[in-house]
Asker: 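This is the structure I want to talk about, given as C-alpha cells.
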Amino acid sequence: MESFIHIRIYIDGKTYPARLYGDKIVSENVGISLHKSQIVRIRVNYFKRVIFLIGDSRNIAVDYSSHIIQWIDPLRTVRYFFTALLVILPPFVSLVFMGISFILPSLLISLFTGLLASYFFSILRQKTENTYFKLFALILFICLPVMYWYPFSVYFFAGTIGVLLVFFMLNYFFSETIKIHKYYLSLSWVLLVVFLNFWIFAGIKFWADYRIYSQAGSMLNISQKMDTLGFGDTLWEKPLDWNIFQYRFLYSFLNRRELLWQISPVPISARISNPENPDFGWIAVSNENPDIVLKKINVYLEIQKIILLAELLEKTSPVYYPGMRGSLLQSFIYYDMISRKNIEIHMLLVPANHNDQTGCIIIAFTLPRGTSLNYYLDLFKKGLKKIH
C-alpha cells in the first residue's frame, strides 16, 4: 500500500510529477522536498485551480484538490461548518419566529458574521507572532459596542479575559508544559461566538423597532414653540420649566441602555424632560382606545421580558385616574440590570377623539422610588385641555 499520493507541481511554467506525504511534498525530478513547516503562506488562484505554496526558500504551485486542501488545512471542514452555521442560523430563526419580513436584515447580519468568522480563521493561518494582536483587535471590535448596549456582557468579557490571563501566567512560569496558544484561540472563538449572537439579536431587534417607526406617520401635533401637544380633541400644555423635543429614532438607538426607551410598543412622537430628569418620559398616540392599547402594551412587555435589560418585579392593575376623562394608569416596577436599582415606570393613557373614533395619548415616564406619583399626575391633569 502506497504511503503517498501522486500530485503535479508547477515550476517556471513547467509541470512535474511529485508525491504528497503526510508532512512534505517531494519531487525527485527537480530535487524538491518541501516540508509543511516550511510553508510561510498560501495563495489560491480559483480560476486556474492552482494553489501557490510560498515557502521560506522555495515556491511551488500545486493542483487545487481536496488532498492538498486537507493537507494544508486539516480543520477546513470544521471551519466551514461553524462559518456556515453562523450564516444560515439567523435567517432560519427569523423565518420561523418572526416571519419573512425579517429575512433581509437577517441575511445582512449573516453576511457580517460569516465574514468575521472567515477573518478569524484566516488570522489563525498566519504567523503566530501576529495572531495575538490581530485577534485581540478583532475581539475589541466585536465586543466593545455590545458592552455599551448590553453592559452585563462586561462580566462575561472580563471572566474570559481573566481566564486568558491565568493561562498567560501559567505559560510564563511553565512554558515547557503549558502551551497557551491553543487555549487562547479556543477561548477567543467562544468569546466571539457569544458576542456575535448579541449582535445578531441586537440587529434583528433594531430592524423591528425601525420598521415600527418608519411605517407610522406622526399623528401628534406639536406647536412651533414646543410648549403644547395636540391629538384629536385633546391638548396638553407642558409645565413652564419642562421641555418637549421632537422625537428621533436615533435618540433611542443611542440611548438603548435606558430602560424607558426599551419599552415603547408604539412609535414615540415626542420626549419630555424636566429639571430633575432629562429623560423623564415620552409621548405617543394611538387610534385605539386606552383599554385596547394597554392590553397590547402588556402583551408587548410579556414578549419583551426575555430580552429587556431588566427584570419585572411588580405591576399594578390598570386603574382609572379621576378628573382626566377616563384616563387609565398602570405602573411597572423593574430592576434595571444596567443601573442596578429599582425603577418605576408609569403609563398614563388619556382618551382623545380622533377622526370620529376614540384614540388616546400615551405618556410614559419614570420616577425615582419614593417620589410622589400624584404630584406629577396633577401636573399632567392641569395641562390637559379639551379642544371644542
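For the single chain, residues carry numbers from 1 onward in sequence order.
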Asker: When you measure from the side chain of Q330 to the backbone of T316, do you find a donor-acceptor pair of N or O atoms at a distance under 3.5 Å?
Answerer: yes

Asker: With rounding to the nearest 0.5 Å, note down the distance linking OG in S317 to CG in L328.
Answerer: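 Rounded to the nearest 0.5 Å, the OG-CG separation comes out at 11.5 Å.
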
Asker: Check for me whether R271 meets the cation-pi criterion with F245, that is, NZ or CZ under 6.0 Å from the six-membered ring centre and within 45 degrees of the ring axis.
Answerer: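 Yes, a cation-pi geometry.
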
Asker: Using the salt bridge (Lys or Arg N to Asp or Glu O under 4.0 Å) criterion, which residues pair with E311? Sequence neighbours excluded.
Answerer: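 None.
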
Asker: Same cluster for V299 and I292 if Ile/Leu/Val/Met/Phe/Trp/Tyr side chains link at under 4.5 Å?
Answerer: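 Different clusters.
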
Asker: Check for a donor-acceptor pair, side chain of W236 on one end and backbone N or O of K382 on the other, with a separation under 3.5 Å.
Answerer: no

Asker: Do I272 and W242 have side chains that get closer than 4.5 Å, going by heavy atoms?
Answerer: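 Answer yes - side chains close enough.
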
Asker: Taking side-chain contact (heavy atoms from CB on, under 4.5 Å) as the test, write out the residues that go with P278, two or more places apart.
Answerer: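 In terms of side-chain contact (heavy atoms from CB on, under 4.5 Å), with neighbours along the sequence ignored, P278 is linked to no residue.
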
Asker: Within the structure provided, determine whether L384 and T234 are in side-chain contact (heavy-atom separation under 4.5 Å).
Answerer: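 A side-chain contact under 4.5 Å exists here.
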
Asker: Could you go through the side chain to side chain contact (heavy atoms under 4.5 Å, CB included) check for L377 and L329 one step at a time?
Answerer: CA-CA 10 Å; L377 290 176; L329 174 70; 3.8 Å; yes

Asker: Report yes if the side chains of P239 and D241 come closer than 4.5 Å at any heavy-atom pair, otherwise no.
Answerer: yes

Asker: Quick check for you: to the nearest 0.5 Å, what is the distance between I283 atom CD1 and I244 atom CD1?
Answerer: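 The CD1 atom of I244 is 6.0 Å from CD1 of I283, to the nearest 0.5 Å.
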
Asker: Could you grab the distance from atom CD1 of I263 to atom OH of Y334, nearest 0.5 Å is fine?
Answerer: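 Rounded to the nearest 0.5 Å, the CD1-OH separation comes to 6.0 Å.
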
Asker: I need the I345 CD1 to S331 OG distance, nearest 0.5 Å.
Answerer: 10.0 Å

Asker: I need the L294 CG to N289 CG distance, nearest 0.5 Å.
Answerer: 10.5 Å

Asker: Parallel, tilted or perpendicular: which fits the ring planes of F380 and F365, with parallel below 30° and perpendicular above 60°?
Answerer: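 Judged by the thresholds at 30° and 60°, the geometry between F380 and F365 is tilted.
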
Asker: Any side-chain heavy-atom pair from P290 and S327 closer than 4.5 angstrom?
Answerer: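 A side-chain contact is absent here, since even the closest heavy-atom pair is not under 4.5 Å.
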
Asker: Could you walk me through whether I222 and Q246 pass the side chain to side chain contact (heavy atoms under 4.5 Å, CB included) check?
Answerer: CA-CA 8 Å; I222 305 177; Q246 190 77 41; 3.3 Å; yes

Asker: Report the C-alpha separation of L349 and D291 in whole Å, then their side-chain angles, then the decisive distance to 0.1 Å, and conclude whether the side chain to side chain contact (heavy atoms under 4.5 Å, CB included) test is met.
Answerer: CA-CA 9 Å; L349 293 86; D291 293 285; over 6 Å; no

Asker: Among all residues two or more places apart in sequence or in another chain, which pass the side-chain contact (heavy atoms from CB on, under 4.5 Å) test with R19?
Answerer: F4, H6, Y21, V26, E28

Asker: Is M347 close to I297 at the side-chain level, that is, under 4.5 Å between some pair of heavy atoms?
Answerer: yes

Asker: Who passes ring pair (Phe, Tyr, Trp, His ring centres under 6.0 Å) against Y376, sequence neighbours left out?
Answerer: F280

Asker: Is a donor on one side and an acceptor on the other found under 3.5 Å between the side chain of N277 and the backbone of S273?
Answerer: no

Asker: Donor-acceptor pair, D233 side chain versus N353 backbone, under 3.5 Å?
Answerer: yes

Asker: Just wondering, do L229 and L235 contact through their side chains at under 4.5 Å, heavy atoms?
Answerer: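 Sidechains of L229 and L235: no contact.
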
Asker: What's the shortest heavy-atom distance between G230 and L220, and which atoms?
Answerer: O-CD1, 3.5 Å

Asker: About how many Å separate CZ of F231 and OG of S269, when rounded to the nearest 0.5 Å?
Answerer: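 Nearest 0.5 Å value for the OG-CZ distance: 9.0 Å.
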
Asker: Do Y16 and Y10 have ring centroids that are under 6.0 Å from one another?
Answerer: no

Asker: Testing the basics here: between A270 and I268, what is the closest heavy-atom pair and its distance to 0.1 Å?
Answerer: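 That closest heavy-atom pairing would be O-CG2, 3.4 Å.
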
Asker: Name all residues meeting the side-chain contact (heavy atoms from CB on, under 4.5 Å) criterion together with S372; count only those two or more places apart in sequence or in a different chain, and write none if there are none.
Answerer: N374, Y375

Asker: Are a donor atom and an acceptor atom from the side chains of K238 and N274 found within less than 3.5 Å of each other?
Answerer: no

Asker: Take Y335 and I343, measure what side chain to side chain contact (heavy atoms under 4.5 Å, CB included) needs, and give me the verdict at the end.
Answerer: CA-CA 6 Å; Y335 175 74; I343 292 180; over 6 Å; no

Asker: Between W282 and I363, is any pair of side-chain heavy atoms under 4.5 Å apart?
Answerer: no

Asker: Under the side chain to side chain donor-acceptor pair (under 3.5 Å) test, which residues partner S264, sequence neighbours left out?
Answerer: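 For S264, the residues satisfying side chain to side chain donor-acceptor pair (under 3.5 Å) (neighbours in sequence not counted) are Y213.
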
Asker: Are any of the side-chain heavy atoms of R8 and V62 separated by less than 4.5 Å?
Answerer: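 A side-chain contact under 4.5 Å is absent here.
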
